[in-house]
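Start at 1 and go down the list; that is how both ligands and their atoms are numbered.
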Amino acid sequence: MYQATAQSVREGLVERWNDTYAHFHKENPKQAYYLSMEYLQGRALTNAIGNMGLTGEYSEALRSLGYTLEDVMSVERNAGLGNGGLGRLASCFLDSIATLDLPAWGYGLRYKYGLFKQGVDKATGEQLEYADDWLEVGNPWEVARPQVSYPISFYGKVVNGKWAPGKQVRAVAYDSPIPGYKTRNCISLRMWDAQPSAVEFDLAAFNASDYETSMGPTNLASMLCAVLYPGDGTREGKALRLSQQYMLCSASVQDILARWKERGNSDWSKLHEKVAIQMNDTHPTLAAPELMRILMDDEGLSWDDAWAVTKKTVAYTNHTVMPEALEKWPLDLVEELLPRHMEIIKRIDEEFIASAAKAKAAKAAKKDDKKKDDKKKKESEEEKPAMVRMANLCCISGMAINGVAAIHSEIVKDFTFNDFYKLFPEKFQNKTNGVTPRRWLAFCNPQLSAVITKWVGNDKWVTDTDELRKLAEHATNPELQAEWKAAKLARKKICKDYIKKVTDIDVPIDSMFDIQVKRIHEYKRQFLNILGIIYRYKQMKAMTPEERAKCVPRVCIFGGKAYATYTQAKRIVRLINNVGSVVNNDPEIGDLLKVVFVPDYNVSLAETLIPASELSQHISTAGTEASGTSNMKFQMNGCLIIGTLDGANVEIRECVGDDNFFLFGITDPEVEPARAERAAGKFVPDARFTETLEYVRSGVFGDKFEELLGSLEGNEGFGRGDYFLVGKDFASYLEAQERVDVAYADSMGWTESSIISTAFSGKFNSDRTIDQYAKEIWGIKPCTVPERK
Ligand SMILES: *Cc1c(COP(=O)(O)O)cnc(C)c1O
């Protein structure tokens, strides 16, 4: 029934999709292309039906056949071709692009296996990993386009200024339709699959039983799109990962230029008037040298002409300021894999250095500047082997460089790329992230949406989220409050049933639902959360039954995947599960505290958990989370946030007001001094922190977690010295949690804050973000498909 429903929806989309393509072709507008190694699309069925405005019709039709839309949609596999926030951002952006009728497409890779599926070992609490064979049962949303295919070359050498490649595969297009909300526009997400190139197949070798030689290109092709590589700073399988990045860039740039020609354009010096290429982080950096190569070697442009237009065509979004996560590749590796590109990159580098030196000479004589420069120079000279720093290449080639939240974009200018900022301040921009209100409120939370539509007076808020502000006028109205609470309770019930089904834990729905779901990472500090819970548990154990009865009951929910080789993150998962086993089975505690780790966090699970949330935790060390986007999803669903002044939290707090945000922790400028204090051996932790660690060490939770706790000790050394300052922020965190408990006890006050949260979430609509990209970076305008006559 799912397949049949999907086919029927797809049929409805194809007409819009074809019309959109034809309309763009005819209008020949400037078009933007979003290049991303990751997309976290989640399920497509409910979204497509919702965007087409046919939810009622499909529900009705399925009911008449003896099915429910919920059951049918829940069998769809999650397209999980991303690690976390960066990939989900790309998917939200596509929804907004289509909804705003903008001429733009997404490009990605069609990995055979998405991010692993996560389980939990019941006995040990450890994370288990399984391959995610998401295409196993077919994917009704994609259309294979074997006629759209490009050669992708690797290795070889440069002969007379041109590349004579050593190996080749073919990139073949698979397209998925991305419908906009209440519009006929339907754009494409084009994902490349790698196939062996027939030219390369050595039939003679095969016939001579030399299978290794003959199957070489086939193996390379199947490896190229086998798996999504992990983000989050892990660096594995370098050559393969770089090959994947190159395949995305090369296939996409060839395709973009082919379309540009197909639409009748021919003046290369005006390419940027028709094409903008956005690089989602540095993974697609090679798009710049690839464009240069094609323009010079295939189209015959001079270096200067090619460079002049490339610089106006590509733009770069930065997603991390942690220096260890800034991508760089050994120069000799790039040279071996892509010899012609390495020549181009070297020349870009040389010309940049020369122009920067000129700029410096012009300024001259500023003493302290010089000192700093000398230090920098020393650092780069020390780096051996030589590296290609992708972010630098992006800053030099890009027409625009943007961060993803106000505070992050400031850090990008003042620290991460300060040298570049001084040279070309005009390139630097901010584009605070957003999420699509369709998937993350209207469709995932129909209960709350109905209440909103009633009180706002119409459903225009689904696109124009500023309309949500009208809720604020009624925030203390008992009638709205009652409906609001009923909607929340209905979602908590759904969440409770899900938790029971997957973990067999019973959670009370009259408790506060306190949720932290995101990738497990030390900087995101799930560790701080669980240590806070342990402290709470220890306190409760020491209380008399009368005292205990006064506690605010909580259900603490965690979800998130730890990357397979990230040992410390996996230990945090194990600690959470072990704490859960003890706390959840402690008769003295009963329903006062539950600790749940819900396995396999993905888009669909987020759609179940977020509507049920009352408190959510966004507690990264200040200055480490570029933006965060789940904080926005929670806010939209009327959830209050406990958080640090980091990423988009800063702007969320500005929108909801200090009274409706539980702030704690040190701020970004205080982070380095705190680390220095620590290194000097001068930090004295709060007694409650020491006590909590001692409690874990006493073996209450089975294992003593020596290695994990060790990371909070000592003053230096890898994985030691509490780099993410859990100890420093612990006291402030506990105090904020006390304020949460007090606030929750006042049910009317809490509901008012919840309504205010939703009311002022309008800024975090990804339509706003995309509108800014369109106007301030891409220079594209809506190109609305007319109704069929
Ligand atoms: C939104 C989302 C994220 C990003 O969460 P952050 O808390 O911003 O890191 C990660 N994974 C999934 C499945 C999401 O939907």
Side-chain angles (χ1 to χ4, degrees), residues 36 38-43 47 77-96 114-118 132 134 228 230-233 280-281 319-320 322 325 404-405 407-408 432-441 443-445 514-526 528-529 557-563 569 598-613 615-621 624-637 639 641-644 646-652 761 764-766 769:
S36 178
E38 303 187 17
Y39 289 89
L40 264 190
Q41 289 285 93
R43 290 181 178 138
N47 195 67
R77 296 289 178 97
N78 256 264
L81 307 185
N83 285 289
L86 174 147
R88 185 52 232 174
L89 182 77
S91 295
C92 281
F93 279 2
L94 295 182
D95 184 76
S96 288
L115 183 61
F116 67 88
K117 278 197 197 161
Q118 180 195 50
D132 171 28
W134 73 292
L228 162 78
D232 296 316
N280 192 22
D281 213 324
H319 286 274
T320 179
M322 286 194 275
V404 290
I407 182 179
H408 167 63
T432 299
N433 282 166
V435 300
T436 165
R438 272 74 65 187
R439 182 178 290 270
W440 294 112
L441 179 54
F443 305 155
C444 77
N445 197 348
D514 164 352
I515 303 186
Q516 187 178 20
V517 283
K518 43 185 82 232
R519 288 303 297 264
I520 309 289
H521 209 291
E522 284 165 285
Y523 86 82
K524 291 179 183 275
R525 298 202 295 192
Q526 285 90 355
L528 175 60
N529 184 352
I557 300 170
F558 290 85
K561 294 173 184 175
Y563 181 61
V598 192
D600 204 31
Y601 182 54
N602 60 16
V603 171
S604 291
L605 181 52
E607 288 166 0
T608 303
L609 295 178
I610 292 171
S613 62
L615 179 76
S616 75
Q617 308 216 17
H618 306 275
I619 57 179
S620 51
T621 314
T624 60
E625 186 77 271
S627 162
T629 46
S630 80
N631 41 7
M632 303 167 180
K633 303 167 194 164
F634 281 104
Q635 183 201 1
M636 276 185 186
N637 284 274
C639 175
I641 289 174
I642 179 168
T644 44
D646 203 20
N649 282 359
V650 177
E651 290 155 83
I652 291 176
S761 62
F764 306 103
N765 177 350
S766 48
T769 317

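In plain terms, the two heavy atoms of Ala562 and Phe116 that are nearest each other are O-CZ, 3.3 Å.
Arg525 places a side-chain N or O within 3.5 Å of a backbone atom of Ile619 that can act as its donor or acceptor partner. Remark: the backbone N or O of Phe93 is not paired with any side-chain donor or acceptor of Ser766 at under 3.5 angstrom. The main-chain N or O of Ser604 is found under 3.5 Å from a side-chain atom of Asn602 such that the two form a donor-acceptor pair.
Of the protein's non-hydrogen atoms, Ser630 CB, 3.5 Å is the one closest to atom 5 (O) of ligand 1. Protein heavy atom closest to atom 11 (N) of ligand 1, with residue, atom name and distance, is Tyr601 CE2, 3.6 Å. Protein heavy atom at the shortest distance from atom 15 (O) of ligand 1 is Lys633 NZ, 2.7 Å. The single protein non-hydrogen atom nearest to atom 8 (O) of ligand 1 is Thr629 N, 2.7 Å, given as residue, atom name and distance. For atom 9 (O) of ligand 1, the nearest non-hydrogen atom of the protein is Lys524 NZ, 2.7 Å.
Close contacts of ligand 1 with Gly84, meaning ligand atoms under 4.0 Å from a residue heavy atom, involve 10 (C), 11 (N). For ligand 1, the atoms lying closer than 4.0 Å to a non-hydrogen atom of Gly628 are 8 (O).
Side-chain N/O atoms of His618 and Asp646 include no donor and acceptor closer than 3.5 Å. If you check the side chains of Tyr523 and Glu625, you find a donor sitting under 3.5 Å from an acceptor.
Looking at Asn602 against ligand 1, only its backbone comes within 4.0 Å, counting heavy atoms. Of all the heavy atoms of Trp440, the ones lying under 4.0 Å from any atom of ligand 1 belong exclusively to the side chain.
A salt bridge is defined here as a Lys NZ or Arg NE, NH1 or NH2 lying under 4.0 Å from an Asp or Glu carboxylate O, and Arg438 with Asp95 meets this definition.
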